Amino acid sequence: MKFQAPRGTHDVLPADAYRWQHVHRVFAELAGQFGYGEVRTPAFEETELFVRTSGETSEVVNKQMYSFLDKGDRNLSLKPEGTAPAVRAYLEHGLGQPGQTTRLWYFTPFFRYERPGKGRYRQAHQFGLELVGSAAPEADAEIIEMTVELYRRVGIEARVNVNSLGRAETRARYREALLNYAEPYLRDQSDEIRARAALNPLRMLDSKDPEVISAMAGAPKVLDFLEEASKGHFDRLLCLLEEAQVPFEVAPNIVRGLDYYTDTVFEITTDLLGSSNDALCGGGRYDNLVSDLGGPPTPSVGVGIGVERLLIVMSELGLESPLAPLDAMAISATEAARPAIRQIAREMRSAGFSVVTDLDGRSLRSQLKRADQLGAVRAVIVGDEELTAGEVSVRLLASGDQVRVSRERLIEVLRGV
RNA sequence: GCGGGUAUAGCUUAGUGGUUAAAGCGCCUCGCUGUGGCCGAGGAGAUCGUGGGUUCAAGUCCCAUUAUCCGCCCCA
C-alpha cells in the first residue's frame, strides 16, 4: 500500500459519512431554529488574522499553524479555528451594524500541526456559533443553551463548566496575583515549567498534574478580582442558565487557549477521550475581537464544537446514528425483465424512493442477497411472469411477506406500506 | 517537540529463528434451474507497514523510517 492519508488526517468512509450527515443535520436544524445564518469561509486566511486574534504567544499561533507563502508572496495559513474567519467575513461584508445582533453558524475543517492522538487530529472539524453584537448576558446564555441542546439532541447529557475571566485589565491584575502566589512553588521547578508559567500563568490552573493542582489549591480566584460590571454579568448569566435548566458548574480553574476571550468562558469536558484530551467544545465572550480586527466595538460571544470528539463520545456511549436508509432493491429475475426493472426504478425514484439496481446480470438469488446486505426495506421483483401479467412482486425483506400488484398501483402500494 | 507500546488477508487476530504463513468474520461460487437471512461444501484474497542489517535460514532478532495508540505539552 503506497499512499496513505497524511499523518493526523482521516478518510470518512460511507458508513461513517452517514453519521456525519446525521450530526450535521441536527446542528443545522438547531441553528436554523434559533435564526442563525450559515457562513462558509475559505480554508486559508492571511496569517496575520490569526496572529492578531488568537494572540502571538498562544500555542496555536506559535507552533501549530500550517503557514505558507503562496506564489505571490502572501503569508497565508490554513485556519486553525473558526471564529476569526467568521468575524472577518462579518466585517468584510458588513453583516451587522453597531447595536445590532447578528447570528452566524458554520461547519468547517480546521488545521493544527500537532502530535495526533485519540480525538486530536491535524485536520479536524468544528461546528461553531457566533452571536455578534450583543453585550447582554442573555447572549451568553443563548449560546450555552444551544450548545447543551445540540448534545442533548444527539443523545449526550452534558454539563457545562463556566467561568469568568473579567476584562483585560482584570486579567492583568489577576495574572500578577497568581504569579505571586505561585512564586514559592515555581522556585523549585524546571526552567520549562517556569517559562510556561511566566508566559501564561492562568495555564497553571487547569493543569492535570496532581502536584500542580495541590500547589494551586489555595490560589486566588479570578472571580474575586472581577469588577462590578463583570461580576453582575456573570451572576446574571448563572441565573439565566438556571432558568433554562442548563446543567452547569462554576469552574474557577477553566481558562481557554486563545487570548481573545473576555468575561465569560465555558467548556464541556469528558473523560471518554483519554486523560489529556477532555474538551468537547469550548467557547466564551470576545468583546474585543471585532475591534481588534478594525471594526467598531462589538461585544460578541460564541462557541466551537469539536465534531470528531462528538462522534467519538457518541460511539463510546453506544449512540449509533441511524443507517443510511434504502427503500428498495429493484430486482430482475430474468434477462428479459431488465429494461422493465430499470424503468420501474426510475419511476420509484421520481416518487422519492431510494432504489438500487443490479448492473451485472446477477442471479435473482444473489440480487436478493445483496438487497439484504444493503439493508433494503423491500425487494421489487420483475420476472417473466410479472412481465406478461403487467405486474410486480413486492417483498418485504424483514418478514418475507410478498404480494403481486399491478405496475400502475406500485407507487401507491409502496406509499401505503 | 519529548517518552513508551503496536504494525501479519477487506476487518479482528494467532503464529518456539527452520517445509507451501493460520483462524474467525466478510467476499465469490454451488447445494437451492424465479426468492435473501440459517446450514453445508468449495474458492479467491497476504511480496507479514517500508528500507537496510545479522544468519546456512527472518513474519519471528537488530537498526532506521513511516503510520497508529498511550503518557507529557497543548487543544476541538
Side-chain angles (χ1 to χ4, degrees), chain A residues 1-10 13 15 54 57-64 79-83 107-128 147 190 192-193 195-197 199-200 203 206-209 212 254-258 267-270 273-283 303-313 329 331-337 360 362-387 393-402 404:
Chain A
M1 211 183 313
K2 191 140 192 194
F3 293 107
Q4 27 187 317
R7 179 172 170 78
T9 68
H10 291 276
L13 305 177
S54 297
T57 57
S58 68
E59 183 92 1
V60 167
V61 165
N62 251 344
K63 8 189 216 187
Q64 298 185 340
K79 53 177 147 180
E81 56 106 22
T83 295
F107 167 67
T108 184
F110 65 96
F111 307 85
R112 290 183 196 173
Y113 190 87
E114 61 182 332
R115 185 127 179 172
K118 187 176 187 181
R120 175 200 289 163
Y121 311 108
R122 289 185 173 180
Q123 174 176 347
H125 299 76
Q126 68 181 198
F127 291 125
T147 302
S190 68
E192 192 195 338
I193 290 179
R196 208 153 51 221
L199 198 63
N200 192 345
R203 280 263 148 254
D206 70 345
S207 170
K208 278 129 200 148
D209 182 345
V212 178
I254 74 165
V255 300
R256 303 280 318 150
L258 307 174
E267 60 188 21
I268 291 173
T269 58
T270 175
L273 292 172
S275 59
S276 70
N277 302 324
D278 60 2
L280 267 185
C281 70
V303 63
I305 294 164
V307 178
E308 281 82 357
R309 291 182 178 185
L310 171 63
L311 289 168
I312 288 172
V313 169
M329 175 108 184
I331 295 175
S332 52
T334 59
E335 182 64 30
D360 302 305
R362 290 179 201 282
S363 66
L364 171 63
R365 207 176 128 71
S366 82
Q367 289 182 72
L368 270 165
K369 195 169 178 180
R370 174 67 61 200
D372 205 38
Q373 289 163 341
L374 294 176
V377 174
R378 42 179 102 63
V380 172
I381 306 168
V382 174
D384 293 341
E385 288 174 31
E386 288 89 347
L387 209 54
S393 294
V394 177
R395 182 181 184 83
L396 293 177
L397 275 310
S399 61
D401 294 342
Q402 185 166 326
R404 290 262 294 260

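In this text the structure is predicted, and so the values were computed from the model without any measurement.
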S.K.: Given the P atoms of C2(B) and G24(B), what is the spacing between them in whole Å?
M.R.: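 Here C2(B) and G24(B) have their P atoms 44 Å from each other.
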S.K.: Could you state the atom-to-atom distance from NZ of Lys369(A) to P of G34(B) in whole Å?
M.R.: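 Lys369(A) atom NZ is separated from G34(B) atom P by 15 Å.
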S.K.: Looking at the base of U35(B), is there any donor atom on it, or on the side chain of Gln402(A), that sits under 3.5 Å from an acceptor on the other one?
M.R.: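 When only heavy-atom distances are counted, Gln402(A) does reach the base of U35(B) through a donor-acceptor pair under 3.5 Å.
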S.K.: Pick the C1' atom in U19(B) and in C62(B), then give their distance to the nearest Å.
M.R.: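 Pairwise C1' distance, U19(B) against C62(B), rounds to 26 Å.
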S.K.: Whether the side chain of Arg112(A) and the base of C74(B) hold a donor-acceptor pair under 3.5 Å is what I'd like checked.
M.R.: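 For Arg112(A), whose side chain was compared with the base of C74(B), there is no donor-acceptor pair (under 3.5 Å).
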S.K.: In the strands shown, is G36(B) matched to any nucleotide by a Watson-Crick or G-U wobble pair with both distances under 3.5 Å, and which?
M.R.: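 By the stated definition (distances under 3.5 Å), nothing pairs with G36(B).
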S.K.: Would you name the heavy atoms of Leu368(A) and Ala379(A) that are closest together and state the gap between them?
M.R.: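 Residues Leu368(A) and Ala379(A), closest heavy atoms: CD2-CB, 3.9 Å.
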S.K.: Is the shortest side-chain N/O distance from Arg115(A) to OP1 or OP2 of C74(B) below 4.0 Å?
M.R.: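 No, Arg115(A) has no side-chain N/O under 4.0 Å of OP1/OP2 on C74(B).
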S.K.: Say you pick atom C1' in G59(B) and the same atom in A21(B); how far apart are they, in whole Å?
M.R.: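 These two C1' atoms come out 8 Å apart once rounded.
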S.K.: Can you say whether a donor on the side chain of Gln123(A) sits under 3.5 Å from an acceptor on the base of A76(B), or the other way round?
M.R.: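 No pair found.
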S.K.: Within the modelled atom types, does a donor on one side and an acceptor on the other bring the side chain of Arg365(A) and the base of C32(B) under 3.5 Å apart?
M.R.: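 For Arg365(A), whose side chain was compared with the base of C32(B), there is a donor-acceptor pair (under 3.5 Å).
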S.K.: Between Leu280(A) and Ala333(A), who's closer to the 5' end of RNA chain B by nearest nucleotide?
M.R.: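 The residue whose closest nucleotide sits nearer the 5' end is Ala333(A).
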S.K.: Answer yes or no: side-chain N or O of Arg370(A) and base N or O of G36(B) forming a donor-acceptor pair under 3.5 Å.
M.R.: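 Donor-acceptor pair under 3.5 Å: no.
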S.K.: Give none if G3(B) has no partner; otherwise give the nucleotide forming a Watson-Crick or G-U wobble pair with it, both distances under 3.5 Å.
M.R.: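 G3(B) is paired, partner C70(B).
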S.K.: Quickly work out the Ile268(A) CD1 to C75(B) C1' distance and round it to whole Å.
M.R.: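 So the CD1-C1' distance, Ile268(A) to C75(B), works out to 16 Å.
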S.K.: Write down the distance separating the P atoms in U35(B) and G31(B), rounded off to the nearest Å.
M.R.: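 Straight-line distance between the two P atoms is 11 Å.
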S.K.: Atom CD of Gln126(A) and atom OG1 of Thr83(A): how far apart are they, to the nearest 0.5 Å?
M.R.: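 Answer for the CD-OG1 pair, Gln126(A) versus Thr83(A), is 6.5 Å.
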S.K.: Kindly indicate whether the side chain of Glu386(A) and the base of G34(B) share any N or O donor-acceptor pair separated by less than 3.5 Å?
M.R.: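 Counting by modelled atom types and ignoring angles, a donor-acceptor contact under 3.5 Å is found here.
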S.K.: Any idea which heavy atoms bring Ala336(A) and Leu387(A) closest together, and the distance?
M.R.: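 Closest heavy-atom pair between Ala336(A) and Leu387(A): O-CD2, 3.8 Å.
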S.K.: Return the value, rounded to whole Å, for the distance between atom CZ of Arg362(A) and atom C1' of C32(B).
M.R.: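 So the CZ-C1' distance, Arg362(A) to C32(B), works out to 18 Å.
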S.K.: What is the distance, to the nearest angstrom, from the NZ atom on Lys118(A) to the C1' atom on U68(B)?
M.R.: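 Spelled out: NZ on Lys118(A) to C1' on U68(B) is 13 Å.
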S.K.: Say we look at A23(B) and U65(B): how far apart would their P atoms be, to the nearest angstrom?
M.R.: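 These two P atoms come out 37 Å apart once rounded.
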S.K.: Can you measure Leu364(A) atom CG to G36(B) atom P for me and round it to whole angstrom units?
M.R.: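 Going from Leu364(A) (CG) to G36(B) (P), I get 8 Å.
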S.K.: With nearest nucleotide decided by heavy atoms, which residue, Asp384(A) or Gly282(A), maps closer to the 5′ end of RNA chain B?
M.R.: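 Taking each residue's closest nucleotide, the earlier one in sequence belongs to Asp384(A).
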S.K.: Report the distance from atom CD of Gln367(A) to atom C1' of U35(B), rounded to the nearest whole Å.
M.R.: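 Answer to the nearest Å: 11 Å.
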S.K.: Could you state the atom-to-atom distance from NE2 of His10(A) to P of A76(B) in whole Å?
M.R.: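 It is 18 Å, rounded to the nearest whole Å.
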S.K.: Could you state the atom-to-atom distance from CG of Leu397(A) to P of G37(B) in whole Å?
M.R.: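 Distance check: Leu397(A) CG to G37(B) P gives 11 Å.
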S.K.: Can you tell me how far C1' in C75(B) sits from the matching atom in G52(B), rounded to whole Å?
M.R.: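 The answer is 38 Å between these two C1' atoms.
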S.K.: From the list U35(B), C74(B), G36(B), which nucleotide is the closest neighbour of the side chain of Asp372(A)?
M.R.: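 The nucleotide sitting nearest to the side chain is G36(B).
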S.K.: Paired with C27(B): which nucleotide, if any, by Watson-Crick or G-U wobble criteria at under 3.5 Å for both distances?
M.R.: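 Paired with C27(B), as far as the under-3.5 Å criterion goes, is G43(B).
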S.K.: Taking the same atom, C1', in A9(B) and in G15(B), what whole-Å distance lies between them?
M.R.: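 It works out to 14 Å between them.
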S.K.: Where is the tightest heavy-atom contact between Val382(A) and Ala337(A), given as atom of each residue plus distance?
M.R.: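 For Val382(A) versus Ala337(A), the nearest heavy atoms are O-CB, 3.2 Å.
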S.K.: Of the nucleotides U35(B), G36(B), C75(B), which has the atom closest to the Arg309(A) side chain?
M.R.: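 Out of U35(B), G36(B), C75(B), the nucleotide with an atom closest to Arg309(A)'s side chain is C75(B).
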